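A short worksheet on the structure shown next.
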Amino acid sequence: MIKGTVFKYGDNVDTDVIIPARYLNSPSPEELARHCMEDIDPEFVHKMHPGDIMVGGANFGCGSSREHAPIAIRASGVSCVIAASFARIFYRNAINIGFPILECPEAAEKIKSGDTVTVDLSTGVISDETTGETFKAAAFPEFIQGIIESGGLLKYIKAKQTGAKD
Amino acid sequence: MGMTMTQKILAAHAGLPSVKAGDLIEAKLDIVLGNDVTTPVAINVFDEAGFDTVFDRDKIVIVLDHYTPCKDIKSAELCATAREFAHRFGITHFYDVGTVGIEHALLPEQGLVGPGDCVVGADSHTCTYGALGAFSTGIGSTDMAAGMASGENWFKVPSAIKVNLVGTLPKYVGGKDVILRLIGLIGVDGALYKSIEFAGPGVASLSMDDRFTISNMAIEAGGKNGIFPVDEKTLEYVKGRFDRPIKVYEADGDAEYEREVTIDLSTLKPTVSMPHLPSNTKTVDEVKGLHIDQVVIGSCTNGRISDLRMAAGILKGRKVAPGVRCIVIPATQEVYLQCLTEGLAEIFIKSGCALSTPTCGPCLGGHMGVMSAGERAVTTTNRNFVGRMGHTKSEVILASPAVAAASAVAGCVASPYELEEA
């Protein structure tokens with residue numbers, strides 16, 4: 001069970017503001033984390049506590065394909081991202097690295113910045129403890145659940161290749 | 001029910017007789033692409049997972065184009081990581097300083113991608129090759145690692161938006177104006193998770209360079225890909241470049257589209273996207289006169305030879321306005337050489353432009369034209385997000401090469417028609 005304070009942003013949070021290109025000359029998660037959200041919320045990295053939850057509107061993670069974006073968010077200590085919808089490359093990058101994301105337009109609309117929220121990843125149930133409201137995120141298709149359960153895409157492929165040889 | 005063009009290519013690469021929107025499939029890849037920003041992350045993932053071989057060294061393309069020639073020690077280290085990997089596995093198509101071009105101009109030019117292909121690239125603008133009638137889409141670094149290891153990637157089969165193009169483009173209006181208009185119509189998430197399939201009688205009149213520009217920015221509408229039918233112009237373009245067998249796919253007559261949009265090319269005007277979203281479109285006439293500090297003509301969107309011919313045609317015999325920095329970046333070495341042999345280089349330099357070796361540089365605020373607070377640029381690039389070309393208080397206005405060149409001369413946002421009248 002995940003529990004944390006919410007940092008909420010609007011629609012179309014792009015990967016350039018999640019991690020500006022001027023920092024992409026390093027692939028180090030720790031270094032990327034230091035600049036996470038810097039261009040829309042310079043205080044984010046100072047205010048957030050490990051386990052906190054990021055909430056976005058529609059099309060979260062649009063723009064560049066940089067996997068540095070979910071890597072930076074995860075390395076900054078965020079436990080999961082809830083959004084009304086995700087841009088497709090951000091969506092697959094998060095799944096491929098095993099970082100939890102939940103698509104739930106109602107939660108994205110009603111949860112407010114600073115609320116305390118719990119998330120049960122196994123059921124997709126999101127509870128806003130501050131307001132008492134409960135939401136349910138869309139379940140992942142079985143295939144994607146398989147990637148997540150394998151611990152990410154590369155482990156999934158490795159297992160499949162090993163299986164094929166046996 | 002019939003399949004869209006995209007669905008047919010995906011079905012063929014998944015070894016399935018048919019697919020439908022929403023199906024999750026694993027498809028075989030014809031090309032796996034990465035650049036100097038995304039490839040090192042993929043290499044880390046690849047090595048950590050313990051892979052010791054790539055699926056096919058001829059089908060992996062590594063292009064060091066973003067921060068090259070290297071801007072600092074960290075970017076040099078990224079390139080060193082990619083270079084070592086390319087050497088370790090004998091990657092056939094590895095492009096470094098001296099041969100490198102901006103990836104999405106380079107791959108079609110070098111004949112590495114063609115009709116009917118299934119291409120992935122760890123760069124969001126990989127959707128460019130849809131212009132050739134290929135399925136091509138941007139992915140992340142872990143996907144790239146998976147593609148390099150297995151030759152396959154997973155995909156959710158997309159539904160589609162059909163864009164009917166009718167009419168022909170007026171003078172000074174090009175592919176950039178078409179795609180900006182479309183993004184303005186449907187929004188930055190208008191095609192989220194979907195294909196954009198271009199069709200209609202207007203397609204035939206579009207040059208290949210116009211089509212590359214249009215497919216290139218499908219991602220700016222959230223699209224998974226943006227694909228054109230294969231016609232005589234496509235076949236003429238790939239002739240002598242692309243040496244794999246050509247497979248032409250066509251959408252079925254009864255293919256289902258979630259939405260249909262018609263754009264009459266003959267009614268389009270020079271169009272710009274105002275800060276800070278590509279969907280924030282205006283005709284240039286609505287915003288002309290705005291002060292600018294910089295112009296960038298280049299990028300994977302508009303750094304091809306026809307783009308530079310258009311810009312040079314406007315700059316010829318004129319000067320870049322005092323106080324404006326105009327940076328021209330041919331997208332590939334071949335385009336650069338054409339600029340020299342056709343006399344475009346001389347026009348750019350005499351008019352007061354900086355002419356650079358190929359690089360993505362300023363488009364992503366990497367180097368070669370980063371802006372300070374309060375500055376504004378008209379650029380032929382593809383994104384105008386907050387901080388995209390430098391300081392968070394700088395502004396990017398997206399435009400065609402014709403509008404960018406006219407603005408460089410005028411010293412403010414300007415229409416190419418005005419210069420003609422002047």
Side-chain angles (χ1 to χ4, degrees), chain A residues 11-17 20-29 31-32 38-40 42 57-60 62-71 84-98 140-144 146-147 151-158 160-161 164, chain B residues 22 24 37-38 40-42 44-46 48-51 66-67 71-75 77-78 81 121-126 137-146 149-150 152 154 156 158 187-189 192-193 219-220 222-224 276-277 279 364-366 370 383 385-388 390 392:
Chain A
D11 290 340
N12 304 312
V13 172
D14 63 76
T15 55
D16 275 279
V17 295
R22 59 185 177 276
Y23 302 119
L24 298 184
N25 54 3
S26 169
S28 151
E31 203 163 328
L32 294 170
E38 188 174 293
D39 283 359
I40 50 167
N59 204 25
F60 186 94
C62 62
S64 152
S65 70
R66 60 190 71 161
E67 200 160 297
H68 310 64
I71 290 172
S85 64
F86 290 92
R88 56 164 288 274
I89 307 178
F90 184 93
Y91 178 91
R92 58 188 298 137
N93 283 347
I95 287 162
N96 287 343
I97 66 170
F140 286 117
E142 203 175 324
F143 173 82
I144 290 175
I147 294 174
L153 182 62
L154 270 282
K155 285 183 181 153
Y156 169 81
I157 287 168
K158 196 88 185 168
K160 205 171 124 183
Q161 285 187 349
Chain B
L24 282 153
V37 172
T38 56
V41 177
N44 288 346
V45 174
F46 184 94
E48 271 172 27
F51 288 103
H66 274 53
Y67 293 140
K71 71 169 184 125
D72 56 16
I73 295 168
K74 284 180 181 172
S75 61
E77 284 169 349
L78 291 180
T81 302
D123 186 282
S124 60
H125 292 107
T126 304
T137 192
I139 47 145
S141 293
T142 296
D143 281 313
M144 183 193 179
S150 69
E152 293 183 1
W154 64 271
K156 186 173 170 185
V188 288
D189 61 353
L192 192 56
Y193 308 132
I219 178 71
E220 265 63 63
K224 184 173 204 136
H276 289 284
L277 275 180
S279 55
L364 70 159
V370 176
R383 291 196 175 123
F385 300 147
V386 170
R388 175 73 180 181
T392 52

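Hydrogens, waters and symmetry mates are skipped; everything else that's a heavy atom, side chains included, is used. The sequence lines fix the lettering, A, B, ..., with proteins before strands; numbering per chain opens at 1. Just so we're clear, the structure is a prediction, and the values are computed from it rather than from any experiment.
- Interface remark: B:I73 contributes no atoms to any contact with chain A (heavy atom separation under 4.5 Å).
- B:T38 and A:E67 share no side-chain donor-acceptor pair at under 3.5 Å.
- If you check the side chains of B:E220 and B:H125, you find a donor sitting under 3.5 Å from an acceptor.
- When heavy atoms are compared at a cutoff of 4.5 Å, A:L154 approaches chain B by way of both its backbone and its side chain.
- Stacking of A:K158 on the aromatic ring of B:F51 is recorded, both the 6.0 Å distance cut-off and the 45° axial limit being met.
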Open item on the list: Set out, in order, the CA-CA distance, both residues' side-chain angles and the distance that settles side chain to side chain donor-acceptor pair (under 3.5 Å) for B:D189 and A:N12, then state yes or no.
Closed with: CA-CA 8 Å; B:D189 61 353; A:N12 304 312; 6.0 Å; no
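- Heavy atoms closer than 4.5 Å to chain A are found in the side chain of B:K71, but not in its backbone.
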Open item on the list: Between B:R383 and B:S124, does the side chain to side chain donor-acceptor pair (under 3.5 Å) criterion hold? Intermediate values first, please.
Closed with: CA-CA 11 Å; B:R383 291 196 175 123; B:S124 60; 2.8 Å; yes
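- Taking A:I97, A:I157, A:I71 one by one and counting their heavy-atom pairs under 4.5 Å with chain B, the maximum is reached by A:I157.
- Under 3.5 Å, the side chains of B:S75 and B:D72 contain a donor-acceptor pair of N or O atoms.
- If you measure heavy-atom distances from A:I40 to chain B, you find no contacts under 4.5 Å at all.
- In this structure, no portion of B:E48 lies under 4.5 Å from any heavy atom of chain A.
- Using modelled atom types, one side-chain atom of B:T137 and one backbone atom of B:K224 make a donor-acceptor pair closer than 3.5 Å.
- The choice from A:P27, A:G63, A:C62 that makes the most heavy-atom pairs within less than 4.5 Å of chain B is A:G63.
- In this structure, the portion of B:I219 lying under 4.5 Å from any heavy atom of chain A is its side chain and not its backbone.
- Between A:Y91 and A:F86, the ring planes are tilted. Angles from 30° to 60° get that label.
- If you measure heavy-atom distances from B:I139 to chain A, the contacts under 4.5 Å come from both the backbone and the side chain.
- Interface remark: of the candidates B:V370, B:L277, B:D143, B:D143 forms the most heavy-atom pairs closer than 4.5 Å to chain A.
- Proximity to chain A (any heavy atom under 4.5 Å) is restricted, for B:T392, to the side chain, taken from C-beta onward.
- Heavy-atom pairs under 4.5 Å with chain A were tallied for B:T126, B:L192, B:N44; the largest tally goes to B:L192.
- When heavy atoms are compared at a cutoff of 4.5 Å, A:F90 does not approach chain B at all.
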